[in-house]
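Any value given below was found using the heavy atoms of this structure, including those in side chains, with hydrogens, waters and symmetry copies removed.
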Amino acid sequence: LPAAWLLTLAAGLAAQAQPQAPSLYQARCRTTSGAFTLTLHRDWAPRAADRFYQLLQAHYYQGNAFYRVVPGFVVQWGLSPTPALSQAWRKRTLPDDPVRHGNLAGTISFAAAGRNTRTTEVFINLADRPQLDKLGFAPFGEVTEGLATVRGLEGGYGDGPPRGHGPDPRLIMTQGADYLTRNFPRLDVLYGCDVAPLAPWCISPVVLMLVFGLVAGSFLGLAADRLP
C-alpha cells in the first residue's frame with residue numbers, strides 16, 4: 001500500500017480514538033536547534049489540550065518545520081511534511097474553547113482561520129499579545145524550559161504571504177517537505193515532540209504537601225519507635 005495512504009489511515013484511527021488528556025502534562029520537543037518543554041493545562045482550554053495530546057500520541061509533529069517564525073512575535077508549526085497526513089487531519093476541525101488564560105509570552109495556542117476552525121497548527125507567543133484574547137485564541141499551555149531555544153529558531157525568512165515572503169502554508173499543504181527543502185532550506189525542524197513525565201515542580205502543591213506529610217509522619221513514627 002502507498003505510504004501516504006497508510007499515513008492517512010493512521011491519522012484517521014488516531015483521531016477516532018480521541019483520548020482525553022491528563023489535567024496537567026508535559027511535552028518534550030526536540031528540534032534542530034535544541035530542545036524545549038511545554039507544560040499543558042487542560043483547565044485552560046480542554047478541547048485544545050485534548051487535541052494536542054492526540055497529535056502527540058499520533059507522532060504527528062515529527063518532521064514538522066517551524067515555517068512561520070517572526071522574531072519578537074510568534075513561532076508557528078503544525079503542517080506535516082507529508083501532504084496526505086496534513087489533509088487527513090485538516091478535516092477534523094475543533095470547536096472553540098473559551099479564553100481562560102491570556103496570550104502571554106511563552107504561551108501556546110492553536111492557530112485558526114475563524115470560528116471553530118482549529119486543527120493541527122499551533123503557535124508560541126514570543127511577546128504578550130492581549131489582542132489575541134479578544135479574538136478568541138485560547139492558550140492551553142506554556143513553555144517551561146527552553147524558551148531561549150524557541151526564540152532562537154530560524155526566523156530569517158520572515159512572515160508568509162501576504163505579510164511577507166516566507167513559506168506559504170497553502171503550498172506546504174500540497175507539496176510538503178519538497179517545497180520547504182527546495183525554497184527554505186535553513187528552517188528549523190522538529191525531530192519529535194512527545195509526552196514526558198511531569199517535572200516535580202509541576203505537581204500540584206496540595207499533592208506535594210500530602211507526600212511531605214506522609215514522609216514526615218513515617219519519619220516521626222520511626223523516631224518514636226526508637227525512644228527508650
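Contact of the Leu56 side chain with the Asp194 side chain is not registered, since no non-hydrogen atoms from C-beta on lie closer than 4.5 Å. Between Phe137 and Phe110, the closest side-chain pair of non-hydrogen atoms is not below 4.5 Å. Between Ile124 and Phe36, the closest side-chain pair of non-hydrogen atoms falls below 4.5 Å. Under the 4.5 Å side-chain criterion, counting only non-hydrogen atoms from C-beta, Pro81 is not in contact with Leu180. Residues Phe123 and Asn103 meet the side-chain proximity criterion, which asks for heavy atoms closer than 4.5 Å. A 4.5 Å side-chain heavy-atom check between Leu38 and Gln26 finds every atom pair outside the cut-off. Between Val122 and Tyr61, the closest side-chain pair of non-hydrogen atoms falls below 4.5 Å. Proximity of Arg42 to Leu24: side-chain heavy atoms (C-beta onward) are nowhere separated by under 4.5 Å.
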Check your understanding: Are Glu121 and Arg90 close enough, and set up right, to give a side chain to side chain contact (heavy atoms under 4.5 Å, CB included), and what steps lead you there?
Key -> CA-CA 10 Å; Glu121 295 175 71; Arg90 205 71 175 174; 2.7 Å; yes

Practice item. Please test Val150 against Leu126 for side chain to side chain contact (heavy atoms under 4.5 Å, CB included), starting from the C-alpha separation and ending with a verdict. Key: CA-CA 8 Å; Val150 177; Leu126 299 182; 3.9 Å; yes

Point to revise | Trace of the side chain to side chain donor-acceptor pair (under 3.5 Å) decision for Glu142 with Thr107 | key: CA-CA 4 Å; Glu142 58 194 326; Thr107 55; over 6 Å; no

Point to revise | From CA spacing to verdict: side chain to side chain donor-acceptor pair (under 3.5 Å), Ser33, Asp188 | key: CA-CA 7 Å; Ser33 285; Asp188 279 302; 2.7 Å; yes

Review point. How far apart are the C-alpha atoms of Leu190 and Phe66, what are their side-chain angles, what is the distance that settles it, and do they pass the side chain to side chain contact (heavy atoms under 4.5 Å, CB included) test?
Key: CA-CA 8 Å; Leu190 262 173; Phe66 295 97; 3.6 Å; yes

Exercise for review: Run the numbers on Arg28 and Thr37 for side chain to side chain donor-acceptor pair (under 3.5 Å), then give the verdict.
Suggested key: CA-CA 5 Å; Arg28 184 71 171 166; Thr37 299; 2.6 Å; yes

Exercise for review: Kindly determine whether Ile108 and Phe52 satisfy side chain to side chain contact (heavy atoms under 4.5 Å, CB included), including the steps that lead there.
Suggested key: CA-CA 11 Å; Ile108 181 172; Phe52 194 69; 4.3 Å; yes

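Both tests pass for Arg186 against the ring of Tyr157: distance under 6.0 Å to the centre and angle within 45° of the axis. Judged by the 6.0 Å distance and 45° axis criteria, Arg129 is positioned over the aromatic ring of Phe73.
Side-chain heavy atoms closer than 4.5 Å link hydrophobic residues (I, L, V, M, F, W, Y) into clusters, and following such links, even through other members, never connects Leu147 to Val70. Follow the hydrophobic side-chain contacts under 4.5 Å out from Leu135 and you never reach Leu94; the two are in separate clusters. Connection of Leu187 to Trp77 is not established within any shared hydrophobic cluster, with ILVMFWY side chains joined at heavy-atom distances below 4.5 Å, either directly or through further cluster members.
If you take CG on Asn64 and CD1 on Ile172, they are separated by 9.0 Å, rounding to the nearest 0.5 Å. Residue Gln87 holds its CD atom at 5.0 Å from CE of Met173, rounded to the nearest 0.5 Å. Atom CZ of Arg170 sits about 12.5 Å away from atom CG of Leu79, to the nearest 0.5 Å.
A distance-only check finds no donor-acceptor pair linking the side chain of Asp133 to the backbone of Gly102 [under 3.5 Å]. A side-chain donor-acceptor contact under 3.5 Å links Thr117 to the backbone of Gly114. One N or O on the side chain of Ser80 and one on the backbone of Thr82 form a donor-acceptor pair closer than 3.5 Å.
In the hydrophobic clustering, Val99 connects to no other residue, as no ILVMFWY side-chain heavy atoms lie under 4.5 Å from its own.
In this structure, Arg151 and Ala105 approach most closely via the heavy-atom pair NH2-CB, 4.1 Å. Of all non-hydrogen atoms in Pro161 and Pro167, the two that sit nearest each other are CD-O, 3.7 Å. Listed here is the closest heavy atom pair of Phe140 and Ala45: CB-CB, 3.9 Å. What you find for Glu145 and Val143 is that their closest heavy atoms are O-CG1, 3.3 Å.
Inspection of the Gln62 and Tyr191 side chains reveals no N or O donor paired with an N or O acceptor under 3.5 Å. In this model, no donor atom of one side chain and acceptor atom of the other lie less than 3.5 Å apart for Asn125 and Ser109.
Looking at Asp97 and Arg118, a side-chain N of the basic residue comes within less than 4.0 Å of a carboxylate O on the acidic one, giving a salt bridge. One finds no salt bridge joining Asp43 and Arg100 here, because no Lys/Arg side-chain nitrogen approaches an Asp/Glu carboxylate oxygen to under 4.0 Å.
Open room surrounds CZ on Arg115; 12 or fewer heavy atoms of other groups in view lie less than 6.0 Å from it. Within a 6.0 Å radius of CD in Glu154, more than 12 heavy atoms belonging to other residues, nucleotides or ligands are found.
Remark: aromatic rings of Phe184 and Tyr67 are distant, center separation not under 6.0 Å. In summary, the aromatic rings of Tyr25 and Tyr53 are positioned with their centroids under 6.0 Å apart.
Judged as a side chain to side chain contact (heavy atoms under 4.5 Å, CB included), and not counting sequence neighbours, the contacts of Val189 are Thr32, Ala65.
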